[in-house]
Structures are given as structure tokens and as C-alpha cells.
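Written out below as C-alpha cells is the structure these notes cover.
Just the heavy atoms: all of them, side chains too, but no hydrogens, waters or symmetry mates, feed the values below. Just so we're clear, the structure is a prediction, and the values are computed from it rather than from any experiment.
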Amino acid sequence: MSKASSGTLYRGREGMWSWVGHRITGVVIFLFLLVHVLDTSLVRVSPGAYDAVMATYKNPLMALGETALVAAIVFHAFNGLRLILVDFWKQGTKYHRQMLWGVLALWVVTMVAFSIRHLSIAFGGH
Amino acid sequence: MSTELPEPASKIELKPGVGGGGEIPQFNITLRVRRYLPETTADAYWEDFELTMYGTDRVLDALHKVKWDHDGSLSFRRSCAHGVCGSDAMRINGRNRLACKTLLKDLDHSKPITVEAIKGLPLEKDLIVDMEPFFQSYREIMPFLINKGHEPSAERYQSAEDHAKFEDTTKCILCAACTSSCPVFWTDGQYFGPAAIVNAHRFIFDSRDDAGDMRLEVLNDKEGVWRCRTTFNCTEACPRGIQVTQAIAEVKQAILARSI
């Protein structure tokens with residue numbers, strides 16, 4: 001059945017793609033938290049090992065990764081608030097599209113501010 | 001009796017092009033149909049049909065033309081062909097639409113027009129799916145009036161305000177365009193789906209019905225309204241313009257309000 005029913009990708013609109021984005025960022029955040037809990041708990045094993053692991057994070061690739069992580073978290077957070085409004089605000093379903101543009105605008109503002117600060121520290125040198 | 005009757009209006013001869021009787025524009029389209037013939041091939045495949053159609057034609061007319069003039073094996077459902085029976089929901093250019101309500105002139109003719117069966121239900125042949133899982137969910141929400149009081153001698157009164165609460169959800173024609181546009185339903189066949197919730201909404205908010213609590217109980221389930229992820233695909237797909245996501249949100253709120 002699965003083979004026979006496969007066809008084109010469903011052409012959803014803003015609502016569907018924001019849901020896809022929410023799912024993807026959710027999985028990304030989950031994977032980060034998994035690693036984060038592991039590396040943080042290292043401090044109980046041995047502070048030296050913890051410091052060694054932290055030191056490996058201080059490179060440009062990780063700085064870009066952190067930017068991507070913050071991008072995912074910020075989108076997930078703002079869109080999560082939008083979803084709560086869609087479910088529980090009486091006019092929520094009427095204005096879900098406008099709220100998504102609001103989420104994206106807030107996301108851009110936050111990310112521009114964060115990237116300037118974070119990347120200038122990471123790449124600016126001391 | 002020599003009164004001269006005036007010529008009936010219907011007999012007036014118009015010059016060509018006068019009074020809207022002009023020639024209907026014609027155009028060529030490529031109809032790309034997702035075929036699935038379980039008797040002959042194991043896999044589904046795309047088949048193109050080059051057709052000359054008119055500006056007044058709908059996708060359903062193009063399918064008819066294929067079936068009647070090109071390939072009689074093409075299978076699809078349609079009954080009334082006027083957007084009321086809900087038989088011909090299909091995926092047209094990637095979105096769920098009724099073939100009988102989609103005018104060809106509104107589509108892009110420079111590219112093939114793709115037509116596929118709706119997603120998430122077992123495919124039987126070409127554009128025909130097994131609707132049983134869909135109707136199973138529909139039956140489970142008890143889509144009929146349940147009234148425990150005495151049967152009135154006349155009609156059951158209802159104010160216009162009370163009727164307005166569920167007026168939108170009475171418009172459903174059970175075409176499954178909403179349910180089969182839902183990403184949750186595609187991967188989780190147990191989910192009730194938008195259509196069942198819409199039809200539950202129609203009775204939950206009906207002041208004449210007494211079984212609202214029972215229906216809310218049915219939908220207050222892991223596979224009930226809480227599966228909805230508000231992708232709005234259902235609202236966008238509904239050929240009747242029902243605000244489906246809005247109706248689901250109202251049911252969610254009713255379940256919460258009841259438990260507080």
C-alpha cells in the first residue's frame with residue numbers, strides 16, 4: 001500500500017510548513033539536550049574530563065553550530081507560543097498566518113542580535 | 001382570434017458574439033494521472049494524457065474525457081458532479097480538491113496538471129481509495145441527534161444564536177478532503193481525523209442534543225482532538241469552506257472547560 005500510494009509531496013501552506021519546522025527544530029533540540037546532559041554530567045565524574053570536553057567546543061565550527069542551535073530554539077519557542085494562541089485564543093485560528101509572520105519577524109530580530117554578539121566573540125579573538 | 005403573439009424571447013436570433021454567446025476559449029492541457037492497476041502492475045505510475053479542453057471545463061470533465069475517449073480503464077469516483085455528494089475528492093496539483101469544483105482555467109497549463117488519489121487511506125485502484133477507515137471514525141462519534149427528553153409534538157425549537165454555534169460544521173459533505181490532507185492522519189491511521197471531529201462538533205454544540213458529553217469523552221483520547229497539530233491543511237482543503245481547525249479548537253476548549 002505504501003508503495004502504491006506514494007506520489008507527490010503534499011503542497012501544504014504556511015500552517016503545514018510551520019509544523020514541519022517545529023518538528024525538525026524539536027528533534028534538533030532534543031538531540032542537543034541529550035548530548036548536553038551527558039557532557040554536563042561529566043563534571044561529576046571528573047572536573048578535568050569536563051574541562052577537556054568543554055575545550056574541544058571552543059572552535060569556529062562549534063560557534064556556527066551554536067548559532068544554528070539558538071536559531072532552532074528561538075523558532076521553536078516563538079512558534080510554540082503561537083501554537084498555544086492558535087489553540088486557546090478565540091481569534092487564534094483566524095490569525096494563525098499573521099502570527100507566523102510575527103514569529104518569523106521576531107526570530108530574525110533575535111537572531112541578528114544574537115549572531116552579532118556571539119560570532120563577534122567567537123571569531124573576533126581576544 | 002387574430003391577436004398576433006410576439007415572438008418568444010427565446011427565439012430571438014443573436015448575431016454571433018452578441019449576448020455572451022461567443023466562442024468558449026479552448027486550450028490544450030497535459031493531465032498527469034497517478035495510475036494504480038493492482039491486477040496488472042505492482043506499483044503506481046504516472047500517465048500523461050494530452051487533451052483539448054474548454055474554458056468552462058473542470059478537472060472532472062478532463063477525467064471524463066480520458067475515460068470516455070482515451071482509456072476506459074481509468075477509475076475514479078464521482079456521483080453528482082456538482083460539489084454536493086463529496087465523491088470526487090482527489091489531490092490536484094498536490095492539494096486536496098473536488099475534481100468537480102476545480103476549473104481547468106484556474107490552473108497553470110504550462111505544466112502538467114497532476115491528479116492523484118487522496119493520501120492516508122488504502123489505495124484500491126487509480127484514484128479510488130478504501131473509505132472504510134474514514135467512515136469508521138465518523139460512526140464512532142455518533143453523528144445523529146440523541147435527545148433524552150420527551151419527543152415534542154412539533155419541531156424542536158432552537159434560537160438563531162444557538163444555531164449559529166454549529167452552523168459552519170453542518171456543511172460537511174464527507175468527501176474526506178480534510179482528513180486525507182492531515183499529516184497526522186497519514187502517519188497515524190488511528191487518529192479520528194478532522195472530518196469526524198467536525199461532525200462531532202455539529203452535535204456537541206447543538207442545543208437540542210443531549211449527548212455532547214459522550215462525544216467529548218470519545219474525542220478526549222490520545223487519538224482524539226489532542227492529536228491535532230494545527231497544520232491548517234484541513235481548513236485549506238475543505239471544498240465547503242468549513243473552518244475545520246477552528247472547529248477542532250472549539251472542541252479542545254470544550255473538553256478543557258468541562259474538566260475544570
Side-chain angles (χ1 to χ4, degrees), chain A residues 1-33 71-107, chain B residues 32-38 41-46 90-97 114-127 129-130 180-184 186-187 189 225-226 228-237 243-253 256-257:
Chain A
M1 177 221 147
S2 59
K3 242 184 187 175
S5 62
S6 67
T8 58
L9 195 66
Y10 194 87
R11 279 178 60 211
R13 300 187 55 176
E14 294 90 339
M16 182 172 120
W17 295 113
S18 70
W19 167 77
V20 170
H22 204 75
R23 271 281 151 103
I24 292 172
T25 53
V27 171
V28 166
I29 294 165
F30 171 75
L31 293 177
F32 158 72
L33 284 175
I73 291 170
V74 170
F75 175 80
H76 202 83
F78 286 142
N79 195 50
L81 294 175
R82 167 180 164 268
L83 292 179
I84 292 170
L85 286 174
V86 165
D87 270 343
F88 298 112
W89 175 41
K90 276 241 169 333
Q91 305 292 312
T93 50
K94 211 163 141 192
Y95 296 110
H96 76 99
R97 220 165 269 150
Q98 288 87 335
M99 288 197 289
L100 179 63
W101 303 135
V103 163
L104 292 177
L106 281 171
W107 180 79
Chain B
R32 180 166 290 173
V33 186
R34 187 79 174 162
R35 303 294 307 271
Y36 175 58
L37 302 160
T41 48
D43 287 341
Y45 58 96
W46 291 102
M90 51 189 75
R91 211 145 34 114
I92 298 167
N93 280 349
R95 288 184 175 137
N96 283 1
R97 294 286 182 267
T114 63
V115 178
E116 301 157 80
I118 47 178
K119 252 169 111 88
L121 290 163
L123 190 61
E124 298 213 315
K125 188 178 181 181
D126 290 343
L127 304 174
V129 295
D130 178 10
S180 61
S181 76
C182 176
V184 180
W186 299 333
T187 50
V225 284
W226 307 115
C228 170
R229 294 292 183 271
T230 63
T231 70
F232 288 87
N233 278 9
C234 50
T235 306
E236 197 271 332
Q243 296 302 305
V244 183
T245 315
Q246 168 79 42
I248 298 174
E250 283 171 17
V251 174
K252 284 176 183 168
Q253 287 160 14
L256 284 182

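More than 12 heavy atoms of other residues, nucleotides or ligands sit less than 6.0 Å from atom CH2 of A:W89.
Looking at B:I248, neither its backbone nor its side chain comes within 4.5 Å of chain A, counting heavy atoms on both sides. Interface remark: B:Q253 contributes side-chain atoms only to the contact with chain A (heavy atom separation under 4.5 Å). Interface remark: B:T41 contributes no atoms to any contact with chain A (heavy atom separation under 4.5 Å). In this structure, the portion of A:R23 lying under 4.5 Å from any heavy atom of chain B is its side chain and not its backbone.
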Could you go through A:T8 and B:E116, starting from their C-alpha distance and side-chain angles, then the distance that decides it, and tell me whether this counts as side-chain hydrogen bond (donor to acceptor under 3.5 Å, both in side chains)? CA-CA 8 Å; A:T8 58; B:E116 301 157 80; 2.5 Å; yes
When the side chains of residues 79-86 of chain A are checked against the rest of the protein, which donor-acceptor pairs come out under 3.5 Å, sequence neighbours left out?
| from | atom 1 | to | atom 2 | distance (Å) |
| --- | --- | --- | --- | --- |
| A:N79 | OD1 | A:R82 | NH1 | 2.9 |
| A:N79 | ND2 | A:H22 | ND1 | 3.0 |
| A:R82 | NE | A:H96 | O | 3.1 |
| A:R82 | NH1 | A:S18 | OG | 3.4 |

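Between atom CZ of residue A:R13 and atom CZ of residue B:F232 there is a gap of 12.0 Å, rounded to the nearest 0.5 Å. Atom CD of B:Q246 and atom NZ of A:K90 lie 8.0 Å apart (nearest 0.5 Å). Interatomic distance, A:R11 CZ to B:S181 OG, rounded to the nearest 0.5 Å: 14.0 Å. Taking CG of B:N233 as the start and CH2 of A:W19 as the end, the distance is 8.5 Å to the nearest 0.5 Å.
Here the side chains of B:R91 and A:Y10 are in contact, with some heavy-atom distance below 4.5 Å. With a 4.5 Å cut-off on side-chain heavy atoms, B:Q243 and A:K94 do not count as touching.
In terms of non-hydrogen atom pairs under 4.5 Å with chain A, the most contact-rich of B:P38, B:A249, B:P183, B:C228 is B:P183.
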